[in-house]
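Along the sequence shown, residues carry numbers from 1.
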Amino acid sequence: MSEKELTLAESVKIFIKSLKISLKVRGMGSILVSILGFAMAFLPMLIAVYVRNFSNEIQNAFGRGDAYIAPVVGVFAVLSVMYIMQMLWNSLNSYFEMRNRVKIQMFMRERILRCTCDVQYKYILNYDDFKKRINFVSTEAGERVAGSIGTTISWLQDIITFISIITVLWAVDMWIVILLVGACIPAILISAKFSDDQYWAQGFYVLPWLMSCSAFFEAIRSSAINDTRFFGAYPWLRSKFERLNTEYIRIKNQVTKKHVFFNSIADIFRSGVYVVILLIVTRQIFDNPTVGIGAFMLVFMMASQLQDVTARIFTVAAQFSSNAAYMRDFFYLDQLEYEMRNSAASPLDKYSIEFKGVNFTYPNTNRKILKNLNVQIHEGEKVAIVGENGSGKTTFVNLLCALYKPDNGDVAIGGVSIYDNISQTRKTLSAVFQDFARYEATIRENITVSDLARGAIDDKLRAVSESTGAWEFIETQENGLDEIVGSFSPSGNNLSGGQWQKVALTRCMYRKDAKIMILDEPTAALDPIAEAELYRNFTDIIGDRTTILISHRLGITQLVDRVLVFDDGCIVEDGAHSELLAQGGLYAKMYQAQAQWYE
């Protein structure tokens, strides 16, 4: 959220962007209805004019015989058609406006999802306060932005109605227009002030309130509920929720009271002016009876319409101006740095790995995680990376996946910088991350998402699943590979932590053309038997692909060609398992601490 005041030029740019989004999202049918709406914007003025003509024709026909009835019937017929057109138009317009609002909301959600998936990874680590911004846009700002975007075309149509009504009323008496429009100014100013109050109140109080709610309900939805129940955390959560909620309600009530009080005064002022306008017209009729009762009917109808459309135009403009602060936060997503993707990229032919003088520091921190790192990994080599927590192991593989960029130095695969073509780099790799995804979808989709171009080939899926041990539970599912799993699956069928890890490992292995496999804690959720089974099948699972394995459990280090020992962002030991044991250094101490598990 930004507190900087918007300039007029910035507000105009935001309005144009909103109009473009509105046109883009609406679709051809809705656009045609919107175009028709610009013609229908003249209808209120035309109806009022024909009501005047109808009143005058009745006055002329009164007591003068049947010959004067025909004009009355003709005007009445036209007036009836216009009323029917207005009724049908209002229904059609309301239907499309509801559809458009939903479409705009879906567009915004898709835009937020795409931003989260495609933005450079430094933002995910909360660079430029990204997490607060994206949360604000996803919640409080989202509804306001959708509303403002949805009203852009309707606002332009109201301007046409406003001009057409003013033109007709000005011909009757210019003071009618001046008084009617002037009477709307207090309400407009109040609306603008109220909208500003809403922005600052909600911007600074709703956000932490929503975050508190999110944290509370996330605890209930997730496995953290065990912790919450065991330690009896509900009173603490409730008090935290109530404290923030009470403060929010206090601020909200202050704003609402001011709004109701001043808005009531503005309404009284508008109603009083309306009575004055009717008296002006009545006086004109008395002074000049030829004006006719039709003039009274014209002003009677158009005065209220002018006040309504004036209030709508300026209120929407004021709200739009206020909401522009929210919209600026939404359009902030367009200003971020995004990863450059190339869907046509193919894996690299050569896939030796080299880190050259790499230093890395996480955004918003000063601690250097990797320090002048230099290492080469040859094609087909199996390498284990070990070290204490915070030593830089996971950062190393995240850099290799081109999720981060180093402060300086370079990472290359096959002699080519991995940042020259990120898509090519990632198609050369496949990975199981420590925090792997658990998609609310079928098991088949959870696996094949790693290689959508390959498709879902049942015999291949089974072969890979058998090698990772996942087939043992897949074949017991009612729908096999097509079983929907997850916390919100229709049958409530969620997998265990170990089963999910096997799915993640299968997803990694299913990527057909990957030359380098990255396994970050691939056995963390597995029981000892499943882990031992994975070790036995390790060679068959990996094949001849280059493999980088991170694990706190050192039993698997006996199966690799080489072990890299990380400590405080540096590689302090590098060699085969037996060589490092003989050296008696950090690796030997770590392995001996776990030796009883592998004897």
Tell me, yes or no, whether the heavy-atom count around [X] atom [atom1], taken from other residues, nucleotides or ligands under 6.0 Å, exceeds 12.
X: D435; atom1: CG; value: no
X: K122; atom1: NZ; value: yes
X: Y362; atom1: OH; value: yes
X: Y50; atom1: OH; value: no
X: F76; atom1: CZ; value: no

For a 4.5 angstrom cut-off between non-hydrogen side-chain atoms, does [X] reach [Y]?
X: S18; Y: I14; answer: yes
X: F54; Y: M297; answer: no
X: F130; Y: L125; answer: no
X: S346; Y: K427; answer: no
X: V299; Y: R52; answer: no
X: N100; Y: I153; answer: no
X: M40; Y: M85; answer: yes
X: F162; Y: L306; answer: yes

Distance alone, cut at 3.5 Å: any donor-acceptor contact between the side chains of [X] and [Y]?
X: S34; Y: R26; result: yes
X: E337; Y: Y123; result: yes
X: Y338; Y: D118; result: no

Given 3.5 Å as the limit, does a donor-acceptor pair link the side chain of [X] with the main chain of [Y], or not?
X: R507; Y: N446; value: yes
X: N126; Y: K131; value: yes
X: R312; Y: D158; value: no
X: N342; Y: A344; value: yes
X: E483; Y: N479; value: yes
X: Q305; Y: M45; value: no
X: T151; Y: S154; value: no

I112 vs L333, test: side chain to side chain contact (heavy atoms under 4.5 Å, CB included). Steps then yes/no. CA-CA 8 Å; I112 292 167; L333 303 182; 4.1 Å; yes

Under the side-chain hydrogen bond (donor to acceptor under 3.5 Å, both in side chains) rule, what do Y510 and D451 come out as? Steps first, then yes or no, please. CA-CA 7 Å; Y510 191 71; D451 197 347; over 6 Å; no

Honestly, is K17 close enough over F331, meaning NZ or CZ under 6.0 Å from the six-membered ring centre and within 45° of the axis? yes

